[in-house]
Amino acid sequence: MSNRAVCREASHAGSWYTASGPQLSAQLEGWLSQAQSSKRPARAIIAPHAGYTYCGSCAAHAYKQVDPSVTRRVFILGPSHHVALSRCALSTVDMYRTPLYDLHIDQKVYGELWKTGMFERMSLQTDEDEHSIEMHLPYTAKAMESHKDEFTIVPVLVGALSESKEQEFGKLFSKYLADPSNLFVISSDFCHWGQRFRYTYYDESQGEIYRSIENLDKMGMGIIEQLDPVPFSNYLKKYHNTICGRHPIGVLLNAATELQKNGVNMSFSFLNYAQSSQCRSWQDSSVSYAAGALVVH
C-alpha cells in the first residue's frame with residue numbers, strides 16, 4: 001500500500017468561502033436563482049475563481065448552464081498561481097473534499113492522460129495551496145447535486161504553456177470535449193488592474209479607469225467568443241491584459257478549433273461581467289470576472 005494521501009482537504013474553506021455546508025449551499029442557491037439558464041446544456045464554461053463574496057454571483061451565470069442529467073465527468077482546468085509549471089499537472093489524490101460532499105477523481109481518465117507522457121504530478125502541498133481549481137468545487141457540487149453519485153471530476157493544473165503546447169493539449173482534450181457527457185470548467189479571472197498587480201493600462205478615451213478596464217476585458221471576451229486561439233494570442237501580446245486563466249482558455253480555444261475542423265458546430269457566449277470595485281484613480285485596484293458558456297449545436 002502506498003502511503004499517499006487519499007484526499008485533498010478544502011483548504012480555502014473558511015476564508016475564501018464559508019466552511020458551513022448548509023450556509024454554502026444556501027448561498028450558491030441564492031446566486032443560481034438570480035441567473036437565467038439560456039445556454040444549456042453547456043459543454044464548457046468559463047468562470048472566475050476569486051472569493052465568493054467577490055465573484056459568487058458572476059460565476060452562477062455559468063453554472064446555471066450546466067445540465068446535471070447529461071454530465072458524467074467534469075474537467076476543471078485551472079492556472080497555476082504558486083508553482084512554475086511549463087506543462088500540465090494531475091493530482092495525486094482520489095478525492096477532493098468540499099463542505100457540500102466529496103468529489104471523486106476519474107482514475108480511468110487520469111490513467112489515459114498520464115499515459116500520454118504530457119503531464120506531471122502536483123504535490124499534495126501544491127494541490128492544497130492552489131485555489132484556481134478549488135473555487136470551482138462547491139459550485140460543481142451544487143450544480144451536480146441532483147446526480148451527485150453519478151459523476152467524477154478531472155482536475156488539471158495548467159502551467160505557463162507556449163502556444164504550441166496549448167495546441168497540443170487542445171488536441172488531446174478535444175476528444176473529451178466532443179463527448180456530450182463531459183463538461184469543461186475553465187477557471188479564469190479577467191483584468192487584474194492596479195499598481196499591486198503591476199498593470200495599469202488606461203485608455204483615456206473610455207472615460208473613468210473602470211470603463212477602460214471594462215472595454216479592454218470585453219474586447220478580449222469578444223475575441224474568445226470567436227473560438228480561435230490566434231486572435232486571442234495576438235490580443236494578449238498587444239495589451240498584456242492580466243487574464244490569469246489565459247492558458248486554460250487557450251487550451252479550450254484550441255480544442256474547439258480542432259472540433260470545428262472536424263465539422264462540429266459550436267458557439268460560445270459570455271453571460272455576465274463584473275468588477276470587484278470601480279477604479280477611478282491610480283491608487284485603486286480591481287479584479288474583473290466573466291462567466292460564459294460553450295454550446296455544441
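Position 1 is the first residue of the sequence; numbering continues from there. Below, all heavy atoms of this structure are taken into account, side chains as well, without hydrogens, waters or symmetry copies.
Between the side chains of Thr126 and His82, no donor N or O sits under 3.5 Å from an acceptor N or O. Using modelled atom types and a 3.5 Å distance limit, the side chains of Tyr273 and Asp217 yield a donor-acceptor pair. Side-chain contact annotation: Ser11 with Glu134, donor-acceptor N/O pair under 3.5 Å present. Neither side chain, His49 nor Ser132, offers a donor N or O lying under 3.5 Å from an acceptor on the other. A donor and an acceptor atom, one from each side chain of Asp203 and Asn215, are nowhere located under 3.5 Å apart.
A salt bridge links Glu9 to Arg97: one of the charged nitrogens lies within less than 4.0 Å of a carboxylate oxygen. Note on Glu258 versus Lys261: salt bridge recorded, some NZ/NE/NH1/NH2 to OD/OE distance being below 4.0 Å.
Arg280 CZ to Ile209 CD1: the interatomic distance, rounded to the nearest 0.5 Å, is 10.0 Å. Going from atom CD1 of Ile153 over to atom CG of Leu103 covers 5.0 Å, rounded to the nearest 0.5 Å. Once rounded to the nearest 0.5 Å, the distance linking CZ of Phe184 with CZ of Phe75 reads 4.5 Å. The OG atom of Ser20 sits 8.5 Å away from the CD atom of Gln27 when rounded to the nearest 0.5 Å.
Residue Ser286 comes nearest to Ile213 through the heavy atom pair OG-CD1, 3.8 Å, listed as atom of the first residue, atom of the second, then distance. Of all heavy-atom pairs spanning Arg121 and Tyr110, the tightest one is NH1-CD2, 3.9 Å. When all heavy atoms are compared, the tightest approach of Tyr17 to Ala10 is OH-CB, 3.6 Å. Nearest heavy atom pair, residue Ile243 against residue Ser188, reads CG2-OG, 3.4 Å. Counting all heavy atoms, side chain and backbone alike, Tyr101 lies closest to Ala141 at OH-O, 2.7 Å. Shown here for Ser281 and Trp193, the closest heavy-atom pair between the two residues is O-CZ3, 3.8 Å.
In this structure, Gln167 contributes its side chain and Glu163 its backbone to no donor-acceptor pair below 3.5 Å. The backbone N or O of Thr200 lies less than 3.5 Å from no partner atom in the side chain of Gln195, so there is not a single donor-acceptor pair. In this structure, Arg8 contributes its side chain and Met95 its backbone to no donor-acceptor pair below 3.5 Å. The backbone N or O of Gly21 sits nowhere less than 3.5 Å from a side-chain atom of Ser25 that would complete a donor-acceptor pair.
Judged by a 6.0 Å distance limit and a 45° cone about the ring axis, Arg72 is not positioned over the six-membered ring of Phe151.
Within 6.0 Å of the CZ atom in Arg211, the count of heavy atoms belonging to other residues, nucleotides or ligands does not exceed 12.
Between Tyr235 and Phe232, the two ring planes are parallel [angle under 30°; tilted spans 30° to 60°].
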